[in-house]
Peer 1: 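There's a structure below that I have some questions on.
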There are 4 protein chains.
Amino acid sequence: MTTTTAFRGLVPPVITPLTDDREVDTASLERLVEHLVAGGVDGLFALGSSGETVLLTDQQRDTALEVIVKTAGDAVPVMAGAIETATSRTIERARVAERLGAQAVVATAPFYVIVGPTEVERHFRAVHAAVGVPLFAYDIPVCVHSKLANDLVLRLAGDGIVAGIKDSSGDDIGFRQLLVSLREAGLEHFGAFTGHEVMVDSILFAGATGAVPGLANVDPAGYARLHAAVARGDVAAARAEQERLIRLFQIVDAADPATSAGMTRGAGSFKTALRELGVIASNAISLPLRPLDESESARVRQILEQAGLL
Amino acid sequence: MTTTTAFRGLVPPVITPLTDDREVDTASLERLVEHLVAGGVDGLFALGSSGETVLLTDQQRDTALEVIVKTAGDAVPVMAGAIETATSRTIERARVAERLGAQAVVATAPFYVIVGPTEVERHFRAVHAAVGVPLFAYDIPVCVHSKLANDLVLRLAGDGIVAGIKDSSGDDIGFRQLLVSLREAGLEHFGAFTGHEVMVDSILFAGATGAVPGLANVDPAGYARLHAAVARGDVAAARAEQERLIRLFQIVDAADPATSAGMTRGAGSFKTALRELGVIASNAISLPLRPLDESESARVRQILEQAGLL
Amino acid sequence: MTTTTAFRGLVPPVITPLTDDREVDTASLERLVEHLVAGGVDGLFALGSSGETVLLTDQQRDTALEVIVKTAGDAVPVMAGAIETATSRTIERARVAERLGAQAVVATAPFYVIVGPTEVERHFRAVHAAVGVPLFAYDIPVCVHSKLANDLVLRLAGDGIVAGIKDSSGDDIGFRQLLVSLREAGLEHFGAFTGHEVMVDSILFAGATGAVPGLANVDPAGYARLHAAVARGDVAAARAEQERLIRLFQIVDAADPATSAGMTRGAGSFKTALRELGVIASNAISLPLRPLDESESARVRQILEQAGLL
Amino acid sequence: MTTTTAFRGLVPPVITPLTDDREVDTASLERLVEHLVAGGVDGLFALGSSGETVLLTDQQRDTALEVIVKTAGDAVPVMAGAIETATSRTIERARVAERLGAQAVVATAPFYVIVGPTEVERHFRAVHAAVGVPLFAYDIPVCVHSKLANDLVLRLAGDGIVAGIKDSSGDDIGFRQLLVSLREAGLEHFGAFTGHEVMVDSILFAGATGAVPGLANVDPAGYARLHAAVARGDVAAARAEQERLIRLFQIVDAADPATSAGMTRGAGSFKTALRELGVIASNAISLPLRPLDESESARVRQILEQAGLL
């Protein structure tokens with residue numbers, strides 16, 4: 001069995017547009033996928049954190065994944081999150097994702113239940129054994145409250161258990177060390193993706209396989225230009241594009257922090273920007289989150305204008 | 001609408017016995033419920049953390065709840081966990097629990113998704129609005145990584161949104177302050193339960209409604225005696241019984257900490273003890289956890305003997 | 001060598017009154033010590049967290065300790081904090097405290113420097129070896145960011161390294177387990193003090209040696225009555241007094257949380273209350289903290305009135 | 001008043017060599033400073049975390065700083081840590097550092113005492129007002145347990161309170177955003193230094209003023225080559241040197257994690273490497289830490305050989 005996958009380059013975590021009564025807005029989702037493919041992305045990550053996967057019912061998850069897979073067609077491959085509290089539930093969701101056409105599944109460490117490295121390793125090995133498509137490890141300690149240690153990732157990579165990692169740990173230092181260790185171990189085929197928005201140029205120059213930035217929902221073409229600049233070794237152009245995207249990323253500060261948390265700032269502002277750009281119909285978001293209000297949306301519009309997108 | 005419930009006194013979180021291939025062992029679960037009722041419990045909490053709810057599939061959850069409700073019959077009331085990452089999923093599980101006969105549902109703050117007090121309050125209000133039985137708030141920051149502040153609990157209690165709280169926060173100091181504040185606010189009917197094993201005498205003397213100790217799976221009669229001693233104001237007898245239970249609680253240290261985490265120590269040792277006591281058939285536990293091995297089980301047996309249970 | 005000490009019962013952590021230019025107000029400090037002794041305390045803890053020890057210069061620390069020791073005279077014994085980042089600095093301060101007349105010294109785990117249990121144990125053993133008076137361990141993870149595990153405390157107690165513990169961990173559950181373990185190990189002489197204000201009745205009934213509540217600066221007589229009620233086995237009187245003190249403890253919520261943190265809420269409100277009671281001259285507090293303002297002070301006065309102290 | 005300083009480029013945090021009885025080894029310290037200057041560093045940071053400042057007595061601190069300032073002479077400028085729990089103590093140490101010849105002082109947020117952003121800002125403003133040399137902010141949440149938010153740093157920079165920052169937060173993402181914000185605010189003169197070892201190439205390419213890597217004690221020439229490669233825009237050479245240094249940085253994993261923590265891994269392994277290189281006499285380290293033992297030292301030697309330093 002090979003763990004090499006078709007995934008490389010720019011693979012945005014697709015947000016899940018909702019109608020105002022908080023059901024999946026399939027027409028908006030189709031337009032969003034077309035927007036991303038037209039922007040030059042290399043793949044799509046469905047049902048990630050930005051896709052509100054833990055806030056959706058199983059039926060909503062299935063609807064979203066079906067639309068994404070169908071709309072992506074042969075244009076780009078799709079990986080899908082199977083993000084659940086523990087092993088049997090993760091396997092259930094991973095098998096559904098495989099059946100619905102995902103070309104890889106993405107799982108986190110277990111959460112809610114308190115686990116150590118032994119349990120995390122057992123979890124990934126059991127999920128791998130139960131599904132027929134490659135498995136990516138999603139390192140997101142801010143949500144699951146444990147960190148995937150580099151030695152565990154190297155062991156799972158070396159044994160062909162996980163085909164890649166999406167690093168949303170905030171620990172670029174550790175990720176850089178992982179890149180060096182993977183190369184030392186002859187594991188260059190392993191897919192090492194950063195999930196962050198603002199150091200993409202640096203991480204790609206350091207040898208990462210690609211990036212999974214939530215902000216690429218809003219400006220896929222900008223991130224595609226950044227990837228292209230890195231690919232041709234143009235440090236100045238990459239840095240200029242990255243810094244433009246860093247300024248655009250300020251939309252995540254549009255929501256009043258006193259009455260909003262985490263995902264409202266991320267997915268909530270991405271959705272608001274996409275509505276302003278005419279890609280999706282509403283910035284509705286799942287309970288218990290709230291959508292950005294009018295004054296917060298005005299701030300998003302202002303930043304979009306400064307970034308040259310409006 | 002009243003938020004007063006039938007729940008008071010000793011309401012253990014029922015562990016979920018599994019067969020060696022990790023399916024719900026319904027025969028063992030029936031025997032466990034009979035063991036608890038015979039031991040003198042006042043109610044049952046199905047599908048809590050100790051019940052491995054986040055490690056079970058939805059179908060396994062349903063099976064476990066059906067057996068518990070049916071076996072409990074009219075003997076004692078049953079509350080059931082609807083423990084899910086966010087609002088719509090919690091409502092789905094709460095409605096299933098209601099349909100299967102639970103007389104109250106128990107929900108935590110959202111988890112995985114990062115939330116603040118605003119989102120937590122919106123969550124409980126939405127869940128309350130969607131179900132027909134009383135709602136208990138389950139405060140378990142070690143699993144959900146946010147704490148229910150006393151002022152939020154008082155507001156939800158005063159508005160009749162939640163009928164009670166199960167406090168597994170480890171913060172007995174804050175819980176004591178909550179008890180005083182509830183009385184000051186005229187909310188004596190609110191159900192204030194401690195989820196901890198070792199300060200039950202103190203918390204009951206301070207005015208709590210009851211206790212939800214996982215260890216009561218192993219020794220329901222001991223906790224029933226402790227409740228009775230408190231009820232008749234016998235400080236010395238309560239303390240002696242509590243200290244015996246503290247020594248029995250050392251079974252949670254039987255598992256090697258280098259290769260086990262959280263729930264293996266709790267539910268894993270309770271299951272092992274119940275197997276040794278002949279109540280359930282196996283100490284199997286859901287992936288990614290592992291059951292206690294033979295040498296760890298020997299240590300459990302030794303402690304059971306010292307506690308006079310074997 | 002014996003580790004038995006003269007300390008038992010009510011041993012408040014003495015706050016350090018300052019003049020408006022933030023120097024030690026020795027006249028106010030004398031009056032405070034007299035207020036505490038008159039209130040019926042059994043000992044004094046100088047230079048603890050509430051005493052602003054980490055905010056004072058070494059010279060200010062010396063001045064405060066000298067005044068406390070001299071004013072206490074033979075009335076009650078004094079223990080003094082030697083709270084420093086690491087071993088050599090702690091030993092320096094412990095030797096000064098011993099020279100200035102402290103009958104015991106109190107040290108925390110090292111802080112700022114990242115340590116594990118091995119380093120913490122080495123630290124206490126080295127401090128013990130370097131000073132001639134008994135050593136108390138001060139467990140305050142909210143400040144030092146590591147917790148003293150019960151097995152470490154038991155080992156240090158059994159080896160005569162530490163004569164007692166002041167538990168400010170917030171973990172009453174662990175402290176209750178420690179009390180049982182100390183008795184099982186024949187270490188009843190070990191001084192087990194709670195540093196918290198609101199579960200003193202429960203912890204004393206569970207067998208603790210005493211309490212070190214910061215709020216006892218404000219109402220030493222109230223805590224003395226609580227201790228006396230426990231000593232004569234009067235559960236109802238102890239609980240009534242404890243609940244009155246819990247309401248009084250609401251003074252820590254007087255400061256606006258948006259512009260104040262930690263110690264402003266504690267020492268800052270205690271100082272304000274003592275100024276209102278006429279014991280000390282000013283509620284000045286060390287930089288970078290700020291004193292309570294007039295409207296916050298009005299709230300403190302209101303609570304003092306409700307508690308029958310004004 | 002200007003906040004522009006002489007500091008730029010490579011400014012290692014100088015470790016403090018000790019004799020086997022744990023006093024400052026002034027001869028070794030002189031040799032170390034000469035080793036660093038000969039290696040091509042641009043400045044020196046005395047009494048930082050790697051310099052064991054919180055583990056040294058005030059007298060030891062003074063001795064170390066005097067030797068560093070005197071040995072550095074006119075070759076390179078010296079900044080000195082004034083790392084203390086709170087404001088008055090920090091000011092005391094900052095004034096001593098200024099008197100002993102430091103050309104800038106470096107302070108952290110207060111620690112042990114619990115603080116919020118208001119207190120942190122008040123702290124830096126008070127320290128700035130009390131000293132005559134430029135003040136650097138040291139962001140090291142792993143030690144002080146609070147993070148300097150970018151908006152606070154920007155405000156302190158804009159008001160001329162702090163002349164620069166040493167970022168040891170591990171948050172390269174936030175630091176990259178800070179670099180963009182500083183430029184947008186016209187604060188290019190502000191000194192933005194990374195305190196990390198492994199992303200120096202990326203951070204310098206992103207526009208940082210310099211780096212303060214502890215590992216540069218061991219291989220100053222390597223880091224000097226890395227800085228030079230970045231300065232001439234040679235991405236490939238910078239990356240190759242950085243990756244060599246990442247492999248060298250594995251010396252921090254030489255100490256057995258079961259019996260060592262934090263600084264033993266860092267300063268302890270740097271000291272061991274410097275002893276192996278013949279620069280300092282002993283790898284002794286302050287209590288409660290322990291030096292690397294013989295088998296751990298053998299592992300350090302092996303890595304030094306692989307890196308071409310032995």
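Chain A is the first sequence line, chain B the second, and so forth, proteins listed ahead of strands; every chain is numbered from 1.
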Peer 1: With a 4.5 angstrom heavy-atom cut-off, is it the side chain or the backbone of Arg93(A) that approaches chain B, or both, or neither?
Peer 2: neither
Peer 1: Determine whether the side chains of Tyr112(B) and Thr85(A) contain a donor N or O and an acceptor N or O closer than 3.5 Å.
Peer 2: no
Peer 1: Under 3.5 Å, is there a donor-acceptor pair between the side chain of Glu92(B) and the main chain of Thr57(A)?
Peer 2: no
Peer 1: So which of Leu56(A), Thr259(A), Thr90(A) has the biggest tally of heavy-atom pairs under 4.5 Å with chain B?
Peer 2: Leu56(A)
Peer 1: If you round to the nearest 0.5 Å, how far is CZ of Arg61(A) from CZ of Arg89(B)?
Peer 2: 3.5 Å
Peer 1: Taking the basic N atoms (NZ, or NE/NH1/NH2) and the acidic carboxylate oxygens, is any pair closer than 4.0 Å for Arg265(A) and Glu119(B)?
Peer 2: no
Peer 1: Do you know which of His123(A), His145(A), Arg125(A) has the most heavy-atom pairs under 4.5 Å to chain B?
Peer 2: His145(A)
Peer 1: Under 4.0 Å between a side-chain nitrogen and a carboxylate oxygen: does that hold for Glu121(B) and Arg290(A)?
Peer 2: no
Peer 1: With a 4.5 angstrom heavy-atom cut-off, is it the side chain or the backbone of Glu52(A) that approaches chain B, or both, or neither?
Peer 2: neither
Peer 1: Under a 4.5 Å cutoff for heavy-atom pairs, which residue among Val113(B), Thr118(B), Val115(B) has the most contacts with chain A?
Peer 2: Val113(B)
Peer 1: I need the minimum non-hydrogen distance between Gly116(B) and Ala261(A), along with the two atoms involved.
Peer 2: N-CB, 3.6 Å
Peer 1: Quick check on Thr108(A) against chain B: is it the side chain, the backbone, both or neither that has a heavy atom closer than 4.5 Å?
Peer 2: side chain
Peer 1: Would you mind checking which part of Ile91(A) comes under 4.5 Å of any heavy atom in chain B, side chain (CB onward), backbone (N, CA, C, O), both or neither?
Peer 2: neither
Peer 1: Tell me, out of Ile114(B), Thr87(B), Val54(B), Leu287(B), who's got the most heavy-atom pairs with chain A below 4.5 Å.
Peer 2: Val54(B)
Peer 1: Can you say whether Val120(A) sits under 4.5 Å from chain B via the side chain, the backbone, both, or neither, judging by heavy atoms?
Peer 2: neither
Peer 1: Can you tell me if Glu23(B) has over 12 outside heavy atoms packed within less than 6.0 Å of its CD?
Peer 2: yes
Peer 1: So, the side chain of Ser88(A) versus the backbone of Leu55(B): is there a donor-acceptor pair under 3.5 Å, distance only?
Peer 2: yes
Peer 1: Which atoms form the tightest heavy-atom contact between Pro288(A) and Arg122(B), and what is the distance?
Peer 2: O-NH1, 2.5 Å
